[in-house]
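Okay, structure first, notes after.
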Number of protein chains: 2
Amino acid sequence: MSETNTKSRRLKHKEDLKRKILEVAKELFLKHGYESISIRKIADKIGISPTTIYLYYQDKSDVIYALHQEGFKMLSSHFAVLRNVEEPFERLKAMGRSYIEFAIENRDFYELMFIMREPIEFVNKNYACEWEEGGAAFEALLVTVADCKAKGYFKQADLHAMSLYVWATIHGICSLKLQGHLDHVVNAHFPEKEQQLSLEKAFDTLIFILKSIQ
Amino acid sequence: MSETNTKSRRLKHKEDLKRKILEVAKELFLKHGYESISIRKIADKIGISPTTIYLYYQDKSDVIYALHQEGFKMLSSHFAVLRNVEEPFERLKAMGRSYIEFAIENRDFYELMFIMREPIEFVNKNYACEWEEGGAAFEALLVTVADCKAKGYFKQADLHAMSLYVWATIHGICSLKLQGHLDHVVNAHFPEKEQQLSLEKAFDTLIFILKSIQ
DNA sequence: TTTAAAATATTAACACTGTTAATTATATTT
DNA sequence: AAATATAATTAACAGTGTTAATATTTTAAA
């Protein structure tokens with residue numbers, strides 16, 4: 001009996017420390033950005049030796065991947081309530097706005113999840129077949145577009161092509177904005193009064209267009 | 001007379017070495033990707049000391065910026081011939097395809113130009129007002145969309161919002177593809193026969209939609 | 001032509017990075 | 001209490017960008 005107790009106690013300690021490492025990594029990440037996550041800094045903040053981290057994660061990209069997963073959990077809980085929006089086109093619009101919202105409010109996470117190559121390559125290598133967190137997000141879009149089609153929207157368009165197209169458009173808007181590629185272009189080429197809401201206007205254009213092709 | 005000769009000779013040498021540094025940086029970049037550009041490797045390959053590079057570029061991000069500029073020159077020459085396409089909507093389609101073509105064929109450059117934050121932040125800091133290379137590219141899109149509007153396309157849409165929307169969509173497609181965020185989603189959710197050409201199908205959807213709203 | 005000055009390049013060093021092998025300390029089991 | 005398994009550490013390797021101080025080379029003036 002005491003044997004299993006100590007065993008589970010040790011197991012708990014292992015899990016605690018593993019979580020603590022992730023927690024500190026997240027803290028560094030949110031405070032000073034991706035670049036400032038370092039094995040040594042994490043170790044210092046916890047008060048352990050850098051090499052101890054390698055007993056809990058196989059390498060740095062494994063720690064990054066754990067953060068990546070956290071991000072997808074955050075996104076899915078951000079999306080959860082939208083399942084209650086019955087009218088599919090309304091739901092699609094809301095999903096688009098929520099996605100942009102998430103990207104703006106969690107820019108570091110968004111970069112990790114949808115822009116950087118490292119973490120997704122880690123997924124492709126280690127979880128080649130199933131990757132639930134990522135799959136669920138796209139599945140939600142797919143279902144909503146299918147619902148739209150069932151109600152008569154996007155009649156002539158292919159379900160999968162359409163879904164990918166919607167994702168690509170909204171990701172494009174977020175990506176250009178977050179990575180700083182919009183400011184210069186907007187400042188140089190847009191009339192002053194249109195500069196502020198360029199992001200929203202691009203999104204509105206998408207919605208306007210989606211409505212038009214009904 | 002000999003004074004100006006030696007002066008210009010020295011100037012030429014300075015420019016030669018500056019170009020040589022960029023050339024070697026580009027070589028490393030194209031052969032082994034962004035990550036493997038290092039001041040020390042560049043110096044080794046030329047046969048100079050690492051610190052010499054700091055006499056020609058203010059720091060590493062300055063070297064990267066020079067590569068960034070090269071990329072925009074490449075893109076503009078890739079686009080140049082399209083000015084001869086008279087029908088504006090045909091031109092817009094061709095621009096889209098050419099853009100995707102450029103992204104696929106020069107993925108490292110595309111990442112540098114439209115995905116990474118560092119180089120564009122260097123532009124924003126050092127060339128806050130004018131940045132010709134980048135401006136010209138968006139200007140070409142803006143003009144083409146304006147031409148389309150003049151011919152009766154996109155009547156109800158705003159010129160700037162529409163242009164930004166088109167760029168964002170195509171960038172979104174390229175970005176998701178190049179950064180490896182498409183493979184997993186497509187493999188998991190697309191019917192097998194549609195997996196191969198998912199990129200083209202998303203683009204075709206855009207074109208289909210743009211036609212529909214005429 | 002020799003000397004002073006300016007331009008160019010180098011060495012040494014700092015403060016970091018991820019990661020591995022060998023070693024020590026701690027806890028568990030016999 | 002001794003042997004074993006687990007956990008954590010130190011030391012080291014091979015890199016990174018960057019700066020200050022020093023040495024070398026080239027140019028200009030006496």
Side-chain angles (χ1 to χ4, degrees), chain A residues 1-22 24-25 28-29 31-67 116-119 121-122 125, chain B residues 1-22 24-25 28-29 31-67 116-119 121-122 125:
Chain A
M1 193 60 194
S2 82
E3 183 191 283
T4 50
N5 260 339
T6 51
K7 257 188 185 170
S8 69
R9 189 157 36 86
R10 284 175 62 117
L11 202 72
K12 193 184 172 302
H13 168 74
K14 277 199 78 165
E15 278 165 3
D16 279 353
L17 189 43
K18 182 157 189 175
R19 203 174 13 251
K20 180 74 184 172
I21 291 166
L22 180 59
V24 172
L28 281 168
F29 177 57
K31 254 192 196 148
H32 309 103
Y34 177 82
E35 304 265 291
S36 75
I37 306 174
S38 103
I39 297 290
R40 283 176 158 90
K41 276 185 204 153
I42 296 170
D44 278 359
K45 258 196 178 293
I46 303 178
I48 59 176
S49 150
T51 50
T52 302
I53 290 172
Y54 288 85
L55 301 172
Y56 298 87
Y57 293 90
Q58 55 180 102
D59 54 21
K60 188 183 174 178
S61 70
D62 197 5
V63 180
I64 301 298
Y65 167 70
L67 275 176
M116 294 186 64
R117 228 162 36 206
E118 258 198 293
E121 271 168 6
F122 189 92
K125 284 210 170 166
Chain B
M1 193 60 194
S2 80
E3 182 193 283
T4 50
N5 260 339
T6 52
K7 256 189 186 171
S8 69
R9 189 156 37 85
R10 283 175 63 115
L11 203 72
K12 192 182 174 302
H13 168 75
K14 276 200 78 164
E15 277 165 5
D16 279 353
L17 190 43
K18 182 158 189 175
R19 200 169 20 246
K20 180 75 183 169
I21 292 166
L22 179 59
V24 171
L28 282 168
F29 177 56
K31 254 190 197 149
H32 308 105
Y34 177 82
E35 304 265 290
S36 74
I37 306 174
S38 102
I39 297 291
R40 281 176 159 91
K41 277 186 204 152
I42 297 169
D44 277 359
K45 258 196 180 293
I46 304 178
I48 58 175
S49 150
T51 48
T52 302
I53 290 171
Y54 288 84
L55 301 173
Y56 297 87
Y57 293 91
Q58 57 181 98
D59 55 21
K60 187 182 174 179
S61 70
D62 197 6
V63 180
I64 301 299
Y65 167 70
L67 275 175
M116 295 185 62
R117 226 161 37 205
E118 257 199 295
E121 271 168 6
F122 189 92
K125 283 211 170 167

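Note that the structure is predicted; figures quoted are calculated from it, not measured. Chain naming here is simple, since letters A, B, ... match the order of the sequence lines and numbering starts at 1 in each.
Going from atom CZ of F122(A) over to atom C1' of dG18(C) covers 15 Å, rounded to whole Å. Distance E118(B) CD to dG17(D) C1': 11 Å, rounded to the nearest Å. Across the protein-nucleic acid pair, D62(A) atom CG and dG18(C) atom C1' stand 14 Å apart, rounded to whole Å. Atoms CD1 (I39(B)) and C1' (dG15(D)) sit 14 Å apart, rounded to a whole Å. Rounded to whole angstrom, the span from the CD1 atom of I48(B) across to the P atom of dT24(D) amounts to 19 Å. Rounded to whole angstrom, the span from the CD atom of E35(B) across to the C1' atom of dT17(C) amounts to 13 Å. Atom P of nucleotide dA9(C) and atom NZ of K18(B) are separated by 14 Å, given to the nearest angstrom. Spacing between atom CD1 of I53(A) and atom C1' of dA8(D) amounts to 12 Å, rounded to whole angstrom units.
Minimum heavy-atom separation, V63(B) to A25(B): CG1-CB, 3.9 Å. When every heavy atom of Y65(B) is checked against every heavy atom of P119(B), the shortest pair comes out as CD1-O, 4.4 Å.
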Provide a list of protein-nucleic acid N or O atom pairs under 3.5 angstrom, restricted to nucleotides 22-24 of chain C.
none

With the criterion being N/O to N/O and under 3.5 Å, what pairs connect the protein with nucleotides 19-21 of chain D, and how long is each?
none

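Look at K41(A) and D44(A) and you find no salt bridge, because none of the NZ, NE, NH1 or NH2 atoms lies under 4.0 Å from a carboxylate O.
Between L55(A) and L17(A) the shortest side-chain heavy-atom distance does not fall below 4.5 Å. Between K18(A) and Y57(A), the closest side-chain pair of non-hydrogen atoms falls below 4.5 Å. Side-chain atoms of Y54(B) and I39(B), non-hydrogen and from C-beta on, do get closer than 4.5 Å to each other.
In this view, D62(B) satisfies the side-chain hydrogen bond (donor to acceptor under 3.5 Å, both in side chains) rule with no residue, not counting sequence neighbours.
Using a 4.0 Å heavy-atom distance criterion, T52(B) is classed as a base contact. If you check every strand for non-hydrogen atoms under 4.0 Å, I37(B) touches sugar and phosphate atoms only.
Residue whose closest nucleotide on DNA chain D sits further toward the 5' end, between L55(A) and R40(A): L55(A).
Of the candidate nucleotides dA7(D), dT10(C), dA9(C), dA9(C) has the atom lying nearest to any side-chain atom of Y56(B).
Each of T52(B), L28(B), L22(B) was scored for a side chain to side chain contact (heavy atoms under 4.5 Å, CB included) with I42(B), with one residue passing: L28(B).
More than 12 non-hydrogen atoms from other residues, nucleotides or ligands lie less than 6.0 angstrom from NZ of K60(A).
Residue S49(B) places none of its side-chain N or O atoms closer than 4.0 Å to OP1 or OP2 of dA9(C).
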